[in-house]
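Here the structure is laid out as structure tokens; the discussion comes afterwards.
As the structure lists them, so they are numbered: ligands from 1, and atoms in each ligand from 1. Along the sequence shown, residues carry numbers from 1.
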Amino acid sequence: MPEGALARKHHGPLYDMRGLGFAAGEVVVVTGAGSGIGKATALAAARSGLSVAVWDLCAEAGLATQLEVEGAGAKAVAVTVDVGDDLAVARAWDSTLQLGPCRYLVNNAGPSSNSTASFDDNLTISVGSVHRVTTGWIERCSTVAAAVVSISSIAGNFQGGGQSIQPFYPASKAAIAGYTRYLATRYRGAPRANAVAPGLIITPRTIPLLDRPVIAQTAARIPMGRLGFPEEIASAVLFLLSPAAAYVNGVLLPVDGAWAHA
Ligand code: NAD
């Protein structure tokens with residue numbers, strides 16, 4: 001890989017996924033949609049004809065994504081919420097339902113793998129939030145809920161995660177995969193539940209790290225020879241959400257350039 005190539009390109013193409021069977025105006029909630037993978041997913045959903053509830057801790061980032069979603073011709077609402085907080089999540093659901101009943105959910109928000117909060121607090125925020133948000137959705141939208149996709153990681157599932165991350169991270173990402181399998185069997189397809197396990201993806205969270213030698217060494221170990229783009233995760237998420245994936249339930253899909261197999 002040419003030196004500096006990682007730092008020059010941060011985005012891949014966004015595809016129109018209308019052919020996957022979504023009906024125009026169906027509502028999706030994307031948590032952590034103010035940045036990175038969540039933002040790319042919100043924009044891919046907009047291009048697929050969905051209305052998007054942009055949930056984020058950061059009001060400014062959420063509003064920026066809302067404007068981009070609207071710029072792509074879709075309806076959007078920005079909801080400022082900490083998905084680690086029960087009351088805030090309940091309020092966020094109430095605001096979201098102004099868009100209409102919510103058919104799809106993407107649990108993407110989660111703490112950085114370097115978060116120095118305690119192990120227990122990080123688990124509450126990362127995997128606890130997936131349970132909290134999903135339960136609130138099913139309670140309010142059980143008659144229309146069609147599919148949920150949660151963002152896990154190859155860390156904790158296909159590899160240990162190494163020395164540069166906090167121990168809660170692989171633990172919580174493995175828990176999200178297990179919780180996804182629980183949902184798939186508990187609800188028997190109404191809704192379907194799947195998860196995506198990204199490899200190393202270029203987002204505002206990882207961009208500050210790109211100049212470190214360890215990133216070049218990591219990229220060299222990835223069979224495809226590069227890091228991934230957030231849009232490449234978004235495409236996988238939209239497929240798993242969509243009616244085209246009607247018989248896919250309970251899977252953890254690695255999207256990592258085959259890094260997990262290297
Ligand atoms: P990012 O930092 O670019 O974006 C995360 C967004 O989530 C931010 O807008 C942030 O404000 C929001 N957020 C954080 N905590 C929140 C909370 N408690 N409530 C509501 N919103 C919150 O991060 P990213 O790299 O796009 O990562 C998104 C997800 O993908 C995370 O779950 C992460 O663990 C996972 N992931 C990322 C990578 C990677 O290489 N970037 C790899 C594997 C998994």
Counting non-hydrogen protein atoms only, what is the nearest one to [atom]? Give residue, atom name and distance.
atom: atom 34 (O) of ligand 1; result: Tyr169 OH, 2.8 Å
atom: atom 5 (C) of ligand 1; result: Arg205 NH2, 3.7 Å
atom: atom 19 (N) of ligand 1; result: Val83 N, 3.0 Å
atom: atom 41 (N) of ligand 1; result: Ile201 O, 3.4 Å
atom: atom 38 (C) of ligand 1; result: Gly199 O, 4.0 Å
atom: atom 24 (P) of ligand 1; result: Thr203 OG1, 3.7 Å
atom: atom 8 (C) of ligand 1; result: Asp56 OD2, 3.5 Å
atom: atom 7 (O) of ligand 1; result: Gly32 CA, 3.3 Å

Looking only at side chains, do [X] and [Y] share a donor and an acceptor under 3.5 Å apart?
X: Thr31; Y: Asn108; result: no
X: Ser152; Y: Asn157; result: yes
X: Trp259; Y: Thr218; result: no

Closest by any non-hydrogen atom to [atom]: pick that one out of [options].
atom: atom 43 (C) of ligand 1; options: Pro198, Ser150, Ser35; result: Pro198
atom: atom 22 (C) of ligand 1; options: Val130, Leu57, Thr31; result: Leu57
atom: atom 29 (C) of ligand 1; options: Asn108, Ile37, Ile154; result: Asn108

Quiz item: About how many Å separate OH of Tyr169 and CG of Asn122, when rounded to the nearest 0.5 Å?
Solution: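 Interatomic distance, Asn122 CG to Tyr169 OH, rounded to 0.5 Å: 11.0 Å.
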
Self-check item: Between CG on residue Leu241 and OG on residue Ser48, distance to nearest 0.5 Å
Solution: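 Taking CG in Leu241 and OG in Ser48, the distance rounds to 9.5 Å.
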
Practice problem: For side chain to side chain contact (heavy atoms under 4.5 Å, CB included), just list the numbers for Thr203 and Ile37, CA-CA rounded to whole Å, side-chain angles, deciding distance to a tenth of an Å, and then say yes or no. | Solution: CA-CA 7 Å; Thr203 70; Ile37 291 168; 4.0 Å; yes

Per-atom contacts, ligand 1 versus [X] - under 4.0 Å to a heavy atom:
X: Thr206; result: 40 (O), 41 (N)
X: Leu200; result: 40 (O)
X: Ile151; result: 30 (O), 35 (C)
X: Gly36; result: 3 (O), 26 (O)
X: Ser152; result: 44 (C)
X: Asp82; result: 17 (C), 18 (N), 19 (N)
X: Val81; result: 19 (N), 20 (C)

Mode of [X] contact toward ligand 1 - side chain, backbone, both, neither (heavy atoms, under 4.0 Å):
X: Ala61; result: neither
X: Lys173; result: side chain
X: Trp55; result: neither

Quiz item: Could you walk me through whether Ser129 and Asp82 pass the side chain to side chain contact (heavy atoms under 4.5 Å, CB included) check?
Solution: CA-CA 9 Å; Ser129 69; Asp82 177 355; over 6 Å; no

Quiz item: Is it true that Lys39 and Glu231 have a side-chain N and a carboxylate O under 4.0 angstrom from each other?
Solution: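 Looking at Lys39 and Glu231, the cut-off is not met.
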
Got [X] and [Y] here, is their nearest side-chain heavy-atom distance under 4.5 Å?
X: Val237; Y: Ile151; result: yes
X: Thr206; Y: His10; result: no
X: Arg132; Y: Val130; result: no

Practice problem: Report yes if some N/O of Cys58 lies less than 3.5 Å from some N/O of ligand 1; otherwise report no. | Solution: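 N/O-N/O distance below 3.5 Å does not exist for this pair.
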
Quiz prompt | Under 3.5 Å: donor-acceptor pair, side chain of Asp256, backbone of Gly199 | solution =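 Not at all, since once roles are kept as given, no pair shorter than 3.5 Å links the two residues.
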
Quiz item: How about Tyr179 and His131: are their ring centroids closer than 6.0 Å?
Solution: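 Judged by ring-centre distance (under 6.0 Å), Tyr179 and His131 do meet the cut-off.
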
Exercise. Would you check whether Ser126 reaches within less than 4.0 Å of ligand 1, judged by its heavy atoms?
Key: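 Contact check Ser126 vs ligand 1: negative.
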
Per-pair distances, 0.1 Å, donor-acceptor, side chain in residues 19-27, under 3.5 Å, sequence neighbours excluded:
from	atom 1	to	atom 2	distance (Å)
Glu26	OE1	Ala23	N	3.0
Glu26	OE1	Tyr104	OH	3.2
Glu26	OE2	Arg103	NE	2.8

